[in-house]
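Okay, so here's the structure we're looking at.
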Amino acid sequence: MIRSAEMELDQSLLRLEGSRDTSRDIVHIDMDAFYAAVEMRDNPALRNVPMAVGGSSMLSTSNYLARRHGVRAAMPGFIAKKLCPQLVIVPGNHEKYSAVSAQIMEVIDKVLMAIRFTICMVLLKLSMQLLFGFLCRSVLRSSPTIANPCT
């Protein structure tokens, strides 16, 4: 019975593989802790302390130092303060985040236009490395939150 199910699954996978469109690549960019990175960029004193964006009722995000203490997005701020008494909570500024996001999207649009005209994976990887480097230097100014992708 199990063997029969495995064979049926294998046949289904072969049918799906034959109909798969591989004519384009999809790149997913997840800017984890984005609000926190923007706040740390604008206030360097926040770079070396556990910090979160939000309020006592709810947090939007936290930096990696706060996450080490169990602080997470969608957590009430008063609970986060119990987990991490030294936590600095910064109120959100969605106008500022929208402006920075628009800058990032402009860079991505420029890079992706170039990618759309290339068919070589090496060029795609190179373009993505250039994208991250450009974002780190010009938009987020090498915030410690995103230091790993920038190096």
Side-chain angles (χ1 to χ4, degrees), residues 5 9 12-13 15-17 19-151:
L9 180 60
S12 293
L13 287 174
R15 279 194 305 275
L16 286 172
E17 186 66 28
S19 64
R20 190 166 59 123
D21 179 7
T22 59
S23 63
R24 59 186 172 158
D25 296 298
I26 297 173
V27 177
H28 175 91
I29 299 173
D30 184 350
M31 296 183 290
D32 189 39
F34 174 65
Y35 295 173
V38 172
E39 294 298 339
M40 290 186 296
R41 177 200 69 178
D42 293 349
N43 182 353
L46 297 173
R47 291 181 180 175
N48 298 312
V49 298
M51 63 85 59
V53 176
S56 62
S57 60
M58 193 62 59
L59 299 179
S60 297
T61 191
S62 61
N63 69 3
Y64 292 108
L65 291 173
R67 291 177 187 191
R68 290 180 191 160
H69 298 274
V71 176
R72 299 283 183 263
M75 173 181 279
F78 70 92
I79 292 175
K81 284 290 245 182
K82 288 182 181 180
L83 291 172
C84 182
Q86 68 274 30
L87 182 71
V88 176
I89 300 177
V90 178
N93 183 340
H94 293 284
E95 249 181 56
K96 177 168 52 172
Y97 310 142
S98 293
V100 175
S101 178
Q103 290 176 316
I104 292 170
M105 293 305 150
E106 183 179 323
V107 171
I108 290 171
D109 284 344
K110 287 179 185 174
V111 172
L112 291 180
M113 283 302 289
I115 291 170
R116 287 183 192 129
F117 296 108
T118 125
I119 57 171
C120 179
M121 280 301 283
V122 174
L123 292 176
L124 174 63
K125 288 180 182 177
L126 176 62
S127 296
M128 292 312 298
Q129 287 173 347
L130 291 174
L131 170 64
F132 282 120
F134 183 84
L135 288 175
C136 293
R137 283 189 306 281
S138 68
V139 179
L140 296 178
R141 293 188 182 91
S142 297
S143 166
T145 301
I146 56 169
N148 288 340
C150 298
T151 56

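Because the structure is a prediction, the values reported are computed rather than measured. Here, residue 1 is the first one in the sequence, and each next residue gets the next number.
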Please report the closest heavy-atom contact between Leu46 and Asn63, naming both atoms and the distance.
O-ND2, 3.9 Å

Smallest heavy-atom separation, Val71 atom then Leu59 atom, equals CG1-CD1, 3.6 Å

Heavy-atom closest pair, residues Ala66 and Met51
CB-O, 3.6 Å

Could you report the tightest heavy-atom contact between Pro50 and Cys84, atom names first, then the distance?
CB-SG, 3.7 Å

How long is the span from the CG atom in Leu83 to the CZ atom in Arg67, to the nearest 0.5 Å?
14.0 Å

Which pairs count as ring pair (Phe, Tyr, Trp, His ring centres under 6.0 Å) when at least one residue sits in residues 84-105, sequence neighbours excluded?
Tyr35-His94, Tyr35-Tyr97, His94-Tyr97

Restricting to side-chain hydrogen bond (donor to acceptor under 3.5 Å, both in side chains), what partner residues turn up for Lys96, sequence neighbours left out?
Glu39, Asp42

Show me the pairs that pass side chain to side chain donor-acceptor pair (under 3.5 Å) and involve residues 69-86, at least two apart or across chains.
none

Closest non-hydrogen atom pair between Ser62 and Ala33, with its separation
O-CB, 3.6 Å

